[in-house]
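Input: a single structure, listed below in structure tokens.
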Amino acid sequence: MWEAVLGEAVKALAVGAAGGVKDLVAKRLARRRTAQDVEALLADPAGAERAVRELVETDPEFAERLQEILAGDGTGVRDVPGSPAHFVDRDRERRSASGPGVHVITGPRGAGKSALVYRLADDLRDRYPDQVYVDLADYRDGTVLRRSEVATRVLRALGVETNLVTTNSAELWAQYRSVTARRRFLLALDNAEVATDVRELIPSSPSSLVLVTAIRQDDDLLAGNVAPPIELDSLERDFALELLGKASDPAAIEAERDAAAELAALCDHMPFALVQAGVRIRKRLRRGPGAVASVLADFRRTGVLGGVDVIAMAFEQSFAELSAGAAELCELLASHPGPDFTTASATAVFGAPAGDALDELTDAGFLAPTGTPRQRLFNLIREGARRRGARDVATDRALVFFRDQAVAADHRTSPDRLRCYEPVSVPAPDFEGKAPLDWVEDARETYGALAFQAFERERDVELGQICGALEVLMLNRGHHRLFAHINHFGLLAARRHGEPALTTRILSQQGRTYFLLHDFDRAQPLLEEALETVRTLDNPALESSVQEFCGRFHEEKGLLPAAADFLWRAVTLDRAMAEAGRRSLGIHTRMLANVLLKAGAYEHVWALLAESAQQFPASDSRNLGRVSMVRAKYLRAVGHYDDAERELLEAWRLVSGATQYTAEFEEEFGRLFAARGDHGRAHTHFQRAWQTYFDAGHPREAEFRSVLANTGRR
């Protein structure tokens, strides 16, 4: 596994961008060589690779330090739910899973697998400051795990900016391997089912720690791991009593120790059941002494002795202690779509302020720690509540609430965007102190779950509104694969409802999503159908948009003349719409100018850019900045280097240094200085662009490594 780290170190040495790597290697080599020999060796890529390989293979301390430098310094990423309040024992398991490698934790429901992961993450925070947790159940459709979305989730948790996470599937896994090769971190993969769930997700870094939980000991899942599986079962008697005391009151357990021991035995010493029994004892203590015996009598009366049944029984006993409001909320939250919820969405499904009831569920131990403001029911609590009957009203209320949130975020983020979904009057939204788009992004998995449920309930209007509104999320934050999943059901719903404009819009949206994923074979028929249907409608704004998407499809494929033809048609439609087409005209003329520039057809570029800039108000600095960027590229291409530099600086000012454009600006500055013959400054800017792509593990890193090598030789 050190091969990946070695490869990243050699890349860093080749471009001379990672001084820490060079310093470390030079110091180690200097122990046996002269300074001149070291410098000559590092200047030879093949010799440097042999030297670093020897150091990695013979000096573990060097290898660890090399990886730390490649990973970079920082305070660490903490993305694991907090350590559970009630936790005992598992010392042997905690010791055996503390070292690097892959550790599979198995055991029945209620044995405390997730709790052990949370505790291990807390134990190892100093050793592994970067920690990422993924509940694989949140990314599973039936038996199929959306692994690429999990990989994207991990990359973003490790600090890779959204715009630098590649959308091409093959490149995504190369990027994942590159980033994880340089990071020494803890990765927790909860609720795995089979080996294919986790195989591609194992980090390339040999010093990272991976914790995998599973109910079954799947042979393939366990095969190939050096570390033996960690099998969780019931607790020993004394630890079971300790946990029972932590969940209730240690003094009460000691005062009724015999009754407590029998109660713990009825719970099969299983952690989850013990916690639920302890919560029930704590509530009975308000009535006076004898709480343990009272709960024991209830448990005896059930006549249930099996471990899993005892867990269900413990839930029922604890559920009976809830107030009517908290019990109703728990049942409703069990039908809440998606993996988690917020106070606002809980209030929506409850139909009344949910704060007090949520506090009661927290006190009862029904809510799992998440380490974030978002909350979730323990999986077993959710299962238990669902046994009491599905609550369709929860899904219906959630559908309306999340629809309203998405529509409000869409209008606030991009008020002038083309929309084909049915208008809706949205009450004052509650984004809970977040920016609207941030709130919607946090709830994206809920939207993924809602899409299927809305389709099944034939709520076609609401599903169309969600699909249309969420387009703004993909445009700004990505999540293409999730968007394709939601659009799949949205398209089926739009066809069923008989909305030709909305159907056309979703067809083109889905086509764009697929070509951005470089899945051109799936994109093409969707765009062709959108072109065919839009011609039957009297909707020039929609037709212009479809022409744009077809143009972008051909641009992505490198078919620039065809791309220009489609964009010319879009521009023609925009011009005919006069004021109504003003914004789209500004966007499409810029896109067309950029395509013509790529194709070397300069005749109309400058006039198109002038027309583009005229369509945007002075307050729209982002779009004006994009126009200035293309103008700078044109000026460089025709040899007006001073004007190009001024335009490029103006573009940077207009976008206010937005980080998603950093690499693009560094690249263009590099090309400008290279055109001027100032290869030193060009090298500096290309190096910065390379560093951005290198840090993100982006596929363009290799391209810029070659560019750097060429500029460095001049």
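Values below: every heavy atom of this structure, side chains too, minus hydrogens, waters and symmetry copies.
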Indicate yes or no: at least one non-hydrogen side-chain atom of [X] is less than 4.5 angstrom from one of [Y].
X	Y	answer
D233	H269	no
Y133	D190	yes
T446	P339	yes
L211	K113	no
S205	T180	no
R147	T196	yes
I281	D249	no

Worksheet item: Looking just at side-chain N and O atoms, do S234 and D268 make a donor-acceptor pair shorter than 3.5 Å?
Response: no

- With no hydrogens and no angle check, do the side chains of R182 and S178 hold a donor and an acceptor under 3.5 Å apart? yes

For [Y], is there an ion pair with [X] - N to carboxylate O distance below 4.0 angstrom?
X	Y	value
D135	R153	no
R90	D123	no
E701	R705	yes
D91	R95	no
R237	D89	no
E432	R374	no

message: For the aromatic rings, using the six-membered ring if either is Trp, is the centroid distance between W173 and Y176 under 6.0 Å?
response: yes

Has E200 got more than 12 heavy atoms of other residues, nucleotides or ligands less than 6.0 Å from its CD?
yes

Value for CD1 (I230) from CG (L120), rounded to nearest 0.5 Å, stands at 7.0 Å

One should read off an interatomic distance between L116 CG and R94 CZ, to the nearest 0.5 angstrom, of 8.0 Å

Checklist line | R184 NZ/CZ over Y128 ring centroid, <6.0 Å and within 45° of normal | finding: yes

Could you tell me how the ring of F319 sits relative to the ring of F366: parallel (under 30°), tilted (30 to 60°) or perpendicular (over 60°)? parallel

* **Whether H336 and F341 hold their rings parallel, tilted or perpendicular, with breakpoints at 30° and 60°** => tilted

- Message: Can a donor-acceptor pair be found, under 3.5 Å and without considering hydrogens, that links the side chain of R444 to the backbone of L482?
- Response: no

